[in-house]
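Residue numbering restarts at 1 for every chain, and letters A, B, ... go by the order of the sequence lines.
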2 protein chains.
Amino acid sequence: MQNMYRLFFKAFSNTTRLRIVGLLRKKPFTVNELCNKTGFEQSRVSHNLRCLEHCGFVHMTRNGSFRTYHLDKETIAPILDLLEKHMKKYRKKLERCEVLRK
Amino acid sequence: MQNMYRLFFKAFSNTTRLRIVGLLRKKPFTVNELCNKTGFEQSRVSHNLRCLEHCGFVHMTRNGSFRTYHLDKETIAPILDLLEKHMKKYRKKLERCEVLRK
DNA sequence: TTTGCATATGATAACCTTATCATATGCTTG
DNA sequence: CAAGCATATGATAAGGTTATCATATGCAAA
């Protein structure tokens with residue numbers, strides 16, 4: 001159980017994945033679109049999409065050689081919405097923490 | 001904003017901190033008690049408590065040379081409760097993800 | 001069936017995180 | 001104030017994570 005939490009948080013404690021999830025909260029995108037929007041390399045985006053998909057946080061649909069990724073809306077979206085509310089309270093502290101700031 | 005999320009998740013994506021938080025959800029403990037319960041070294045516990053305190057997730061009260069740590073109940077507890085509900089859905093997938101499993 | 005685009009994947013070097021060790025601080029009691 | 005316990009802290013080696021590079025796969029159109 002403990003470990004599950006850890007994996008869950010780990011999935012989101014990464015710049016690349018958070019950025020992707022952030023975009024997918026608005027609407028679905030193809031891999032290329034995600035690359036353009038983020039400025040990240042294609043393989044970097046693909047590798048991390050793979051992780052997100054494995055975890056069930058995003059889903060993929062094919063359209064020819066294009067692959068469109070979209071967020072699993074019922075579950076992840078509400079969690080992120082909830083966190084957003086709480087987040088402001090911690091902002092300054094989080095940013096000041098020497099352990100995490102690295 | 002993105003970075004704040006990252007720091008938040010990062011704080012919890014660590015075995016030691018999760019374990020401590022897990023215990024503090026039940027009731028407050030001193031450093032020594034946390035060491036005994038977890039089997040972790042004292043300095044390991046202290047270092048991580050420091051991080052949790054900086055982030056505002058736990059608070060500390062002194063009692064002589066003892067220091068009792070307790071969870072910030074209004075905020076972290078409800079988030080963890082919410083996550084617990086969603087978590088079961090992801091369990092198997094999370095554990096299967098090659099990227100996170102490492 | 002060749003070329004080109006869209007995406008995936010394996011290996012690994014560079015980077016980041018963590019636990020540990022050694023030591024410091026700070027009560028508290030004899 | 002000396003000794004002992006409770007806890008904190010700095011430095012760093014060991015371990016873990018990530019981005020990147022090179023390359024593969026797979027579709028699509030000429």
Side-chain angles (χ1 to χ4, degrees), chain A residues 2-3 6-21 23-24 28-55 58-70 94-102, chain B residues 2-3 6-21 23-24 28-55 58-70 94-102:
Chain A
Q2 207 75 251
N3 195 48
R6 209 191 99 246
L7 293 179
F8 182 91
F9 288 119
K10 200 171 147 190
F12 289 105
S13 64
N14 166 294
T15 308
T16 310
R17 291 192 286 272
L18 261 184
R19 195 80 174 279
I20 291 173
V21 165
L23 288 167
L24 294 182
F29 287 108
T30 65
V31 178
N32 240 319
E33 287 170 332
L34 290 170
C35 292
N36 293 149
K37 295 243 173 206
T38 58
F40 297 151
E41 241 207 325
Q42 181 264 315
S43 74
R44 175 174 174 186
V45 171
S46 280
H47 275 302
N48 283 286
L49 279 170
R50 188 163 180 263
C51 166
L52 289 172
E53 198 185 13
H54 268 169
C55 298
V58 308
H59 303 293
M60 187 262 283
T61 54
R62 287 157 178 259
N63 184 10
S65 57
F66 291 82
R67 301 190 181 193
T68 299
Y69 285 88
H70 46 96
L94 282 167
E95 281 166 356
R96 229 182 283 126
C97 177
E98 296 157 30
V99 179
L100 299 177
R101 211 177 33 192
K102 290 195 266 182
Chain B
Q2 208 74 250
N3 194 47
R6 210 189 99 248
L7 292 178
F8 181 91
F9 289 119
K10 200 170 147 189
F12 289 105
S13 63
N14 167 293
T15 307
T16 311
R17 291 192 287 272
L18 262 184
R19 195 79 174 280
I20 291 172
V21 165
L23 288 167
L24 295 183
F29 287 108
T30 66
V31 178
N32 241 317
E33 287 169 332
L34 289 171
C35 290
N36 293 149
K37 295 241 172 205
T38 59
F40 297 150
E41 238 208 329
Q42 180 264 315
S43 75
R44 176 175 174 184
V45 171
S46 279
H47 276 300
N48 282 287
L49 279 170
R50 189 164 179 261
C51 166
L52 289 171
E53 197 185 15
H54 268 169
C55 298
V58 307
H59 303 294
M60 187 261 283
T61 54
R62 285 156 179 261
N63 184 10
S65 58
F66 291 81
R67 302 189 180 194
T68 299
Y69 285 88
H70 45 95
L94 282 166
E95 282 167 356
R96 229 183 283 127
C97 179
E98 298 158 27
V99 179
L100 300 177
R101 210 177 33 194
K102 289 196 264 185

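- The nearest whole Å value for the distance from the CZ atom in A/F29 to the C1' atom in C/dA6 is 17 Å.
- Rounded to a whole Å, the CG atom of A/N36 is 13 Å from the C1' atom of C/dC5.
- For B/N63, no side-chain nitrogen or oxygen approaches OP1 or OP2 of C/dC27 to under 4.0 Å.
- When the P atom of C/dT17 is taken as reference, atom NZ of A/K10 falls 13 Å away, rounded to whole Å.
- Between B/F8 and A/F9, the two ring planes are perpendicular [angle over 60°; tilted spans 30° to 60°].
- Just one of B/V58, B/L49, B/T15 meets the side-chain contact (heavy atoms from CB on, under 4.5 Å) condition when paired with B/I20; it is B/L49.
- Residue-level contact check: A/T15 touches neither bases nor backbone, having no heavy atom under 4.0 Å from any strand.
- Distance alone, capped at 3.5 Å, places no donor-acceptor pair between the B/R19 side chain and the B/L34 backbone.
- When the C1' atom of C/dT18 is taken as reference, atom CD1 of B/I20 falls 13 Å away, rounded to whole Å.
- Nearest heavy-atom pair across B/F66 and B/T30 is CD2-CG2, 4.2 Å.
- Using a 4.0 Å cut-off, some side-chain N or O of A/N14 falls inside it from OP1 or OP2 of D/dT18.
- Checked by atom type and distance alone, the side chain of A/S46 never pairs as donor or acceptor with a backbone atom of A/S43 at under 3.5 Å.
- Using a 4.0 Å cut-off, no side-chain N or O of B/R62 falls inside it from OP1 or OP2 of C/dG26.
- Distance A/E41 CD to D/dA22 P: 10 Å, rounded to the nearest Å.
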Show each protein N/O and nucleotides 5-10 of chain D N/O combination with a separation under 3.5 Å, one pair to a line.
| from | atom 1 | to | atom 2 | distance (Å) |
| --- | --- | --- | --- | --- |
| D/dT7 | OP1 | B/R67 | N | 3.1 |
| D/dT7 | OP2 | B/N32 | N | 2.8 |
| D/dT7 | OP2 | B/N32 | ND2 | 3.2 |
| D/dA8 | OP1 | B/R67 | NH1 | 3.3 |
| D/dA8 | OP1 | B/Y69 | OH | 2.5 |
| D/dA8 | OP2 | B/S46 | OG | 2.8 |
| D/dA8 | N7 | B/Q42 | NE2 | 2.7 |
| D/dA8 | N6 | B/Q42 | OE1 | 3.3 |
| D/dT9 | OP2 | B/R50 | NE | 2.9 |
| D/dG10 | O6 | B/H47 | NE2 | 2.6 |

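- Of all the heavy atoms in B/A11 and B/R17, the pair that sits closest is O-NE, 2.7 Å.
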